[in-house]
Amino acid sequence: MSNPVIDLLDLKKYFKEVKAVDGVSLSINQGEIFGLLGPNGAGKTTILNILCTLLKPTSGNAIICGHDINKDKDAVRRCIGIVFQDPSLDDQLTAYENLDLHGRLYHIPKDKRKQKMEELLELVELSDKRNVMVKTFSGGMKRRLEIARGLLHQPEVLFLDEPTLGLDPQTRRHIWEYIEKLNRDTKVTIILTTHYMDEADVLCNRVAIIDRGKISAIDTSTQLKKQIGGEVISIKTEDEFHPDQPWIKNVNKHDGCINLTVEEADQKLSLLMNIAQEKKINIDSVTIHKPTLEDVFLHFTGKTIREEEANWADAVRTRRRSRSR
Ligand SMILES: Nc1ncnc2c1ncn2[C@@H]1O[C@H](COP(=O)(O)OP(=O)(O)OP(=O)(O)O)[C@@H](O)[C@H]1O
Ligand SMILES: [Mg+2]
């Protein structure tokens with residue numbers, strides 16, 4: 001049974017001509033780990049900032065735990081916790097002091113605050129570092145402390161903006177384990193943003209693919225991959241190869257590869273090789289794989305997430321250059 005705690009209703013946020021969020025509607029169920037997956041500049045942080053009531057939407061609305069983000073900011077703020085994309089701990093304070101400060105800001109009574117802080121330091125395995133100044137912490141330890149802080153006032157919903165950005169693979173896995181554990185133990189609903197395919201794949205119950213302010217697809221990662229169906233044959237060739245066949249379900253070209261989605265790839269591969277031979281196409285290599293989230297992203301947006309990020313970086317560089325002129 002679905003039980004939505006968050007409803008986004010045609011949410012839009014325009015910054016002058018930039019349509020950062022361009023009509024996003026979705027529902028997130030109680031207890032879900034929900035991922036917003038998209039490249040740099042897709043609009044992920046803007047969505048979170050609107051849901052946290054830090055930004056006013058241009059139009060549209062969202063209801064969080066029954067409260068309207070446009071009309072009832074305080075009630076919304078009471079039921080959410082957030083871990084920002086950019087680190088926001090006080091480096092000159094200890095782990096304990098950082099948590100305590102947050103608890104006081106939320107007016108959590110002293111005894112309750114102490115008890116919660118102990119529990120959470122335990123949960124993120126930082127109990128023995130409680131009196132250590134945060135400036136000596138590693139990136140992963142800081143992230144864990146920020147997650148603990150976001151949970152201190154027992155929010156029903158926790159927003160995590162790029163929880164593992166810039167962390168090494170081992171630390172990222174560790175953070176995933178904490179996120180899963182706290183979702184399991186506290187039943188908190190978690191909405192996270194990421195541009196890591198593996199993070200969305202492993203951690204999230206459902207994923208929304210977001211590109212240029214719009215949602216291109218929402219489902220479990222398994223279902224998203226199933227929507228593509230079959231298998232993907234990637235053929236690397238420098239020649240123009242157009243194997244127009246009715247059994248090819250989808251075609252994408254990028255990085256000097258033509259990617260064909262087909263059923264029964266082993267059989268189709270020999271047919272494709274025959275066609276290539278007839279057309280005198282030189283093939284450098286061929287691989288077959290089950291669809292990945294990367295293929296899903298390519299299917300729905302026509303680009304890989306890396307290409308999107310490269311385009312975005314180019315656009316930013318161009319803008320900077322024209323400004324400096
Ligand atoms: N305060 C602002 N003023 C003007 N433009 C903004 C502002 N905040 C965001 N934008 C623009 O809105 C778009 C979406 O930005 P946003 O930060 O939401 O993307 P994101 O998906 O979180 O990206 P990243 O993965 O890099 O964090 C970008 O084009 C960005 O430049
Ligand atoms: Mg962001």
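Note that this is a predicted model, so its numbers are computed, not measured. Just follow the structure's listing: the first ligand is 1, and inside any ligand the first atom is 1.
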Please check if the side chain of [X] supplies one atom and the backbone of [Y] the other of a donor-acceptor pair under 3.5 Å.
X	Y	answer
T301	F297	yes
T164	L167	no
D72	D68	no
R144	V124	yes

Output yes when [X] and [Y] qualify as a salt bridge under the 4.0 Å nitrogen-oxygen rule, no when they do not.
X	Y	value
D201	K225	yes
E118	R130	yes
R78	D74	no

request  = Run the contact test for P39 against ligand 1 with a 4.0 Å cut-off on heavy atoms, strictly below, and give the result.
outcome  = yes

key: Non-hydrogen atom of G41 closer than 4.0 Å to ligand 1   =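 Contact present.
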
query = Which one holds for E162 and ligand 1: side chain close, backbone close, both close, or neither close, with close meaning a heavy atom under 4.0 Å?
reply = side chain

query = Which part of N40 is near ligand 1, with near meaning a heavy atom under 4.0 Å away: side chain, backbone, both or neither?
reply =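 Looking at N40 and ligand 1, atoms from backbone and side chain both fall under 4.0 Å.
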
inquiry  = For atom 25 (O) of ligand 1, tell me which residue out of R212, H195, K44, K19 has the closest non-hydrogen atom.
reply    =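 Of the listed residues, K44 has the closest heavy atom.
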
Is there any N or O on [X] that sits under 3.5 Å from an N or O of ligand 1?
X	result
V18	no
G43	yes
A42	yes

remark   = The OG1(T45)-the Mg ion (ligand 2)-OE1(Q85) angle, to 10°, is 80°

request  = Assess T193: does it contribute an N, O or S atom lying under 2.8 Å from the Mg ion (ligand 2)?
outcome  =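 No N, O or S atom of T193 is closer than 2.8 Å to the Mg ion (ligand 2), so no.
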
task = Below 4.0 angstrom from a heavy atom of Q85, which ligand 1 atoms are there? Numbered from 1 as shown, please.
result = 27 (O)

query = With a cut-off of 4.0 Å, which atoms of ligand 1 are near a heavy atom of T45?
reply = 17 (O), 18 (O), 20 (P), 22 (O), 27 (O)

Any donor-acceptor N or O pair under 3.5 Å, side chains Q154, K112 = yes

